[in-house]
Amino acid sequence: MPSDAAIAALKSSLRGELIQPTDPNYDDARKLYNAMHDKRPRLIAAVADVADVIRCVNFARDEKMIVAIQGGGHNAGGLGSVDDGLVIKLSRMKGIRVDPEARTVRVEGGCTWGDVDHATHAFGFAVPAGIISTTGVGGLALGGGLGHLTRGYGLTIDNILEVDVVLADGRFVTANAKKNSDLFWAVRGGGGNFGVVTSFLFRLHPVHTYYAGPILWDLSEAAEVMKWWHKFLTKAPKELTGFFMFLTVPPGPPFPQHLHLKKMCAVAWCYSGPLKSAEKVFKPIRAFKKPALDLVGPIPHPVWNSMFDGLYPPGHQWYWKADFVKDLSDEAIALHVKHGSELPTMQSTMHMYPIDGVASKVKADATPWGYRDARFAEVIVGVDPDPGNKDKLVAWARDYWNALHPHNLPGAYVNFMMADEGDDRIKATYGKNYKKIVAIKKKYDKNNLFRVNQNIKA
Ligand SMILES: Cc1cc2nc3c(=O)[nH]c(=O)nc-3n(C[C@H](O)[C@H](O)[C@H](O)COP(=O)(O)OP(=O)(O)OC[C@H]3O[C@@H](n4cnc5c(N)ncnc54)[C@H](O)[C@@H]3O)c2cc1C
């Protein structure tokens with residue numbers, strides 16, 4: 001542990017705030033989105049700028065402290081914090097600059113996707129990311145990034161043009177296709193393994209108001225819906241995506257009272273092509289089967305992208321299990337229906353996100369994300385506000401995953417994993433790209449300073 005004098009020197013050198021266990025705001029500052037984690041860092045550096053980040057990285061390395069990087073603090077595995085270590089908390093670094101002519105946006109490491117949506121929407125643009133606005137840009141963008149715009153515009157990593165990084169030796173470097181291109185390759189899927197990304201440059205797409213919303217069907221129709229949905233998407237335009245889910249209907253608007261708390265299945269659609277074509281695109285969807293509820297219509301991107309925020313406020317218990325999926329056999333669908341019908345709590349769910357379309361056109365070795373041939377990213381999510389329900393969530397998610405995993409691919413999306421998956425699973429996730437990512441880790445962080453992540457061991 002660093003001496004009091006070293007901590008005092010660190011504190012006085014920062015423009016941001018150094019928060020310690022005796023400080024009144026410590027308990028607030030250490031909170032993670034997933035309340036299943038109750039970590040107690042020795043120091044939390046709420047950094048203000050790149051200079052603060054450099055100072056903290058040098059401090060952690062020289063003092064041999066374990067260090068965690070925190071973007072939005074949303075990671076389900078709690079990888080944005082660490083017991084007894086130093087947390088580099090980026091949430092005060094919120095600068096964003098849209099360049100409408102170049103169609104790019106420069107985003108600092110402490111932004112959430114809500115911040116990005118807000119800034120870019122004013123110019124009529126969007127960056128492809130997730131389905132909720134409170135997630136941090138850092139963790140999501142460095143792990144992959146999938147959501148409403150993946151089929152039409154690729155994963156978030158496919159839209160990163162450049163990053164600024166503070167490396168383990170304290171150097172600040174820029175990485176893009178021409179400069180430090182090995183590092184640029186590795187950060188697009190390798191998570192926080194290579195350094196602290198202080199800013200991202202993203203490509204923008206002309207996405208403003210699209211045609212989106214959920215369509216819900218009775219649970220008894222889930223097998224039929226799943227079969228139809230996964231076949232239908234193979235022929236659907238790339239601008240159309242729709243993730244399948246099992247859900248318990250939330251007891252409030254916009255859902256009608258007769259559906260409240262009913263277990264159902266749904267597809268959350270998003271068509272980002274021309275609005276005038278939307279009705280036509282949805283004709284076969286609406287012809288498939290009369291749904292219990294159809295809430296699809298024109299909606300601005302930031303509104304649809306924050307639609308789940310209210311259902312999932314910070315401070316709940318979360319336990320996730322995930323896989324990549326190549327195809328859905330009838331047997332796999334039957335297992336999904338069995339386990340998806342047993343959601344243990346109101347907020348628990350299973351989402352299956354399409355990751356084909358534009359995302360599948362990128363070469364498997366162009367980034368560490370090796371599963372360009374997977375059609376879906378599946379995530380089984382146990383959620384509840386009550387810590388007393390933790391075991392129930394974990395047991396359900398594990399049972400569900402154990403039943404389906406033999407039907408799925410060996411790896412999973414790193415951002416849908418807890419922290420307990422083990423090295424073999426990480427290897428399986430990077431697949432043929434694992435050797436290359438290990439070599440780059442060796443070059444940039446051979447002593448594994450940055451190890452509070454889905455760790456790549458040099
Ligand atoms: C409710 C909810 C919805 C979600 N929806 C989606 C979705 O639609 N699509 C999707 O792709 N994912 C989704 N996720 C998963 C999400 O991508 C991960 O949880 C991600 O880790 C969150 O990023 P963060 O910055 O908030 O995480 P944090 O907890 O802050 O950090 C997580 C990890 O990222 C690394 N990291 C973060 N910022 C930086 C940085 N600037 N430099 C270097 N390393 C950094 C850290 O090392 C840490 O290991 C969702 C998560 C939640 C909880």
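Whatever order the structure lists them in is the order used to number ligands and atoms, beginning at 1.
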Given Asp164 and Ser199, is the side chain to side chain donor-acceptor pair (under 3.5 Å) satisfied, shown in steps?
CA-CA 5 Å; Asp164 288 336; Ser199 89; 3.1 Å; yes

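A salt bridge links Glu162 with Arg106: the distance from a Lys NZ or Arg NE/NH1/NH2 to an Asp or Glu carboxylate oxygen falls below 4.0 Å. The residues Lys238 and Asp356 are annotated as not salt-bridged, no charged nitrogen and carboxylate oxygen being separated by less than 4.0 angstrom.
For Asp386, the side chain to side chain donor-acceptor pair (under 3.5 Å) test picks out no residue, with sequence neighbours left out.
Protein residues with a heavy atom under 4.0 Å from ligand 1 are Tyr33, Ile69, Gln70, Gly71, Gly72, Gly73, His74, Asn75, Leu79, Gly80, Leu90, Gly130, Ile131, Ile132, Thr135, Gly136, Gly138, Gly139, Leu140, Leu142, Gly145, Leu146, Gly192, Gly195, Val196, Val197, Trp318, Trp320, Tyr413, Asn415, Phe416, Val452, Asn453.
No option in Phe376, Phe416, Phe244 other than Phe416 meets the side-chain contact (heavy atoms from CB on, under 4.5 Å) test with Tyr353.
Ring geometry for Phe308 against Trp304 counts as tilted: the plane angle lies between 30° and 60°, on a 0 to 90° scale.
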